[in-house]
Amino acid sequence: MDIDRLIAQRSATINGSGIRRVFEIGAGIPPDLKIDLSIGQPDFPVPRPIRDAAVRAIQEGRNGYPLTRGIPELRQAIARRLKTDLGWTLSTSAKPGAPSEPGVLVTPGTSAALLLACQALLNPGDELIVPDPYFVLYPYLAHFAQAKAVFCSTYPDFRLTAERVERLMTPRTKMVILNSPGNPAGVVNSERECRDLLDLCRRRNVVLLSDEIYDEFAFPESRTQTMVGDRARPVAPSPARLKGAEDCVLLVRGFGKTYAVTGWRLGYASGPARIIEEMTKLQQYFYVSSPHPLQWGVVAAFDVDMSREVAEYQRRRDLVLHRLAPLTEVPLPGGAFYAFVKVPDRYGSGSNRGENFFQSGVTRNLLIVPGRTFSQRDTHFRLSYATPIEKLERGLDVLAEMLA
Ligand code: PMP
């Protein structure tokens with residue numbers, strides 16, 4: 001069989017994720033020597049109430065198909081959270097809500113929410129503006145819809161601003177992706193930047209997709225306050241929190257990173273009811289639903305206090321800055337658990353510097369991710385500090401040596 005002839009262009013023309021490649025190269029390093037700063041998932045245990053609730057759901061037989069849009073109990077929990085956090089009033093009935101009320105859809109991972117949004121909104125030739133550097137999936141979201149990814153360079157500070165975005169808008173622009181706190185740089189947009197982006201998108205009739213998978217991981221200097229009842233709660237700024245945002249912002253959040261359940265594949269989308277309805281229709285055929293017992297696992301997740309874990313990540317972030325900022329450029333990572341660090345010029349040109357630095361790390365048993373994995377250029381590297389502090393310290397010693 002000539003299998004090559006059978007493979008679709010859609011698949012044949014794309015590369016596997018660069019993070020996977022790092023993982024495979026890392027598999028060749030003995031575990032006791034390996035210093036892995038490449039992994040983008042939390043290293044703390046899943047909170048007990050969440051684990052217990054999922055196990056209970058399996059034991060109680062909640063294992064069949066759930067509703068496509070998500071179990072009502074979880075959708076109600078999300079509605080309560082978005083009410084207190086953003087002031088949104090969601091429609092959570094089994095039927096489509098009033099057109100003016102934002103809808104909510106539980107998805108198998110945040111990736112699924114992103115994919116469904118783009119499948120629902122992008123026609124061939126439409127344009128999707130994505131920040132560069134970006135989460136690895138973003139360019140492919142356009143590709144899978146035969147649309148065009150328009151890269152908005154955010155170098156050197158990694159801030160997606162209205163000014164940078166507006167220059168790239170055309171009559172074909174349908175959507176802008178904002179990712180704050182961001183992967184790979186951990187940069188958190190200010191309230192002002194969020195407001196300007198929202199105003200721009202509204203003026204141009206473009207959806208602002210706000211990927212907030214790292215919303216809980218925001219450190220004090222980048223937070224703003226939201227009122228929950230009569231108590232102020234510190235939160236990462238979000239365009240979704242601004243007045244009237246729900247007619248223009250498509251909010252995407254997840255459970256995987258916040259509660260260390262990346263393998264459970266759970267996220268959600270909320271925003272204009274009409275868009276959520278289209279995404280729900282597509283979900284029926286793409287995924288059918290999100291994992292049923294695991295949805296029960298996260299019903300009470302919003303009541304779990306993660307402040308200790310966030311404080312620990314802040315301690316590690318501070319250590320990264322303390323060790324690396326004197327040696328090279330490290331734009332302040334105000335959230336998530338990454339830093340995107342500039343590689344010195346002597347490691348090569350703008351198209352292979354990150355790769356050369358990465359290879360040099362591998363010879364010292366250190367794994368980071370070259371910038372080209374997340375960008376059209378290759379001048380930086382991403383390190384993840386979601387790793388025990390002893391290992392992080394060893395990694396920083398090696399990096400300090402390589403950067404000195
Ligand atoms: N968005 C961003 C910015 C991410 O970094 C990731 C995962 N690394 C995702 C979405 C996808 O997350 P999930 O595992 O929930 O699909």
Side-chain angles (χ1 to χ4, degrees), residues 16-23 36-43 46 50 70 74 78 105-119 128-142 144 149 152 154 158 160 175-189 208-218 236 238-240 250-270 279 283 286-287 289-291 294-295 297-298 301 313 333-340 369 371 373-375 382-387:
S17 152
I19 298 176
R20 259 298 111 207
R21 183 182 71 109
V22 171
F23 184 80
D36 192 348
L37 306 186
S38 73
I39 297 182
Q41 66 178 343
D43 63 319
V46 180
I50 296 178
L74 179 55
I78 294 169
L105 172 65
V106 179
T107 54
T110 310
S111 302
L114 295 168
L115 189 69
L116 291 168
C118 290
Q119 290 291 313
L128 167 68
I129 298 183
V130 302
D132 179 348
Y134 40 75
F135 167 51
V136 291
L137 174 61
Y138 292 167
Y140 294 129
L141 291 171
F144 295 138
C152 180
T154 61
F158 309 125
L160 190 77
M175 199 193 300
V176 175
I177 299 185
L178 169 66
N179 175 213
S180 168
N183 178 6
V187 166
V188 180
N189 271 54
L208 180 57
L209 190 156
S210 190
D211 178 348
E212 302 185 6
I213 187 169
Y214 299 104
D215 63 333
E216 284 295 310
F217 299 96
S238 164
L250 186 57
L251 175 74
V252 170
R253 288 184 176 177
F255 295 95
K257 308 276 183 185
T258 311
Y259 306 105
V261 290
T262 46
W264 285 15
R265 313 306 309 135
L266 284 173
Y268 59 94
S270 184
M279 290 169 64
Q283 172 146 298
F286 276 39
Y287 305 110
S289 67
S290 308
L294 304 181
Q295 291 188 55
V298 295
Y313 277 21
F337 31 73
Y338 311 108
F340 204 52
V369 187
T373 306
F374 312 98
S375 180
R382 186 190 80 173
L383 79 78
S384 160
Y385 49 87
T387 193

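For ligands, and for the atoms within them, numbers begin at 1 and follow the listed sequence. All values below were derived from every heavy atom in this structure, side-chain atoms included, with hydrogens, water molecules and symmetry-related copies excluded. If you read the sequence from its start, that first residue is 1, and numbering goes on from there.
- Using a 4.5 Å heavy-atom threshold, the side chains of Val298 and Tyr268 count as separate.
- Closest approach of Ala301 and Tyr259 over heavy atoms only: O-OH, 3.1 Å.
- Tyr338 pairs in a ring-ring contact (aromatic ring centres under 6.0 Å, His included) with only one of the listed residues (Tyr385, Tyr313, Tyr214), which is Tyr214.
- Ile78 is listed as a side-chain neighbour of Val106, based on a closest heavy-atom distance under 4.5 Å.
- The shortest side-chain heavy-atom distance between Ser38 and Phe23 does not fall under the 4.5 Å cut-off.
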Which pairs of nitrogen or oxygen atoms, taken one from ligand 1 and one from the protein, are under 3.5 angstrom apart?
unit_1   : atom_1 : unit_2 : atom_2 : d
ligand 1 : 1 (N)  : Asp211 : OD2    : 2.6
ligand 1 : 5 (O)  : Asn183 : ND2    : 2.8
ligand 1 : 5 (O)  : Tyr214 : OH     : 2.7
ligand 1 : 8 (N)  : Lys257 : NZ     : 2.9
ligand 1 : 14 (O) : Arg265 : NH1    : 2.8
ligand 1 : 15 (O) : Thr110 : N      : 2.8
ligand 1 : 15 (O) : Thr110 : OG1    : 2.9
ligand 1 : 16 (O) : Thr110 : N      : 3.2
ligand 1 : 16 (O) : Ser111 : N      : 2.9
ligand 1 : 16 (O) : Ser111 : OG     : 2.6
ligand 1 : 16 (O) : Arg265 : NH2    : 2.7

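- Using modelled atom types and a 3.5 Å distance limit, the side chains of Thr258 and Glu216 yield no donor-acceptor pair.
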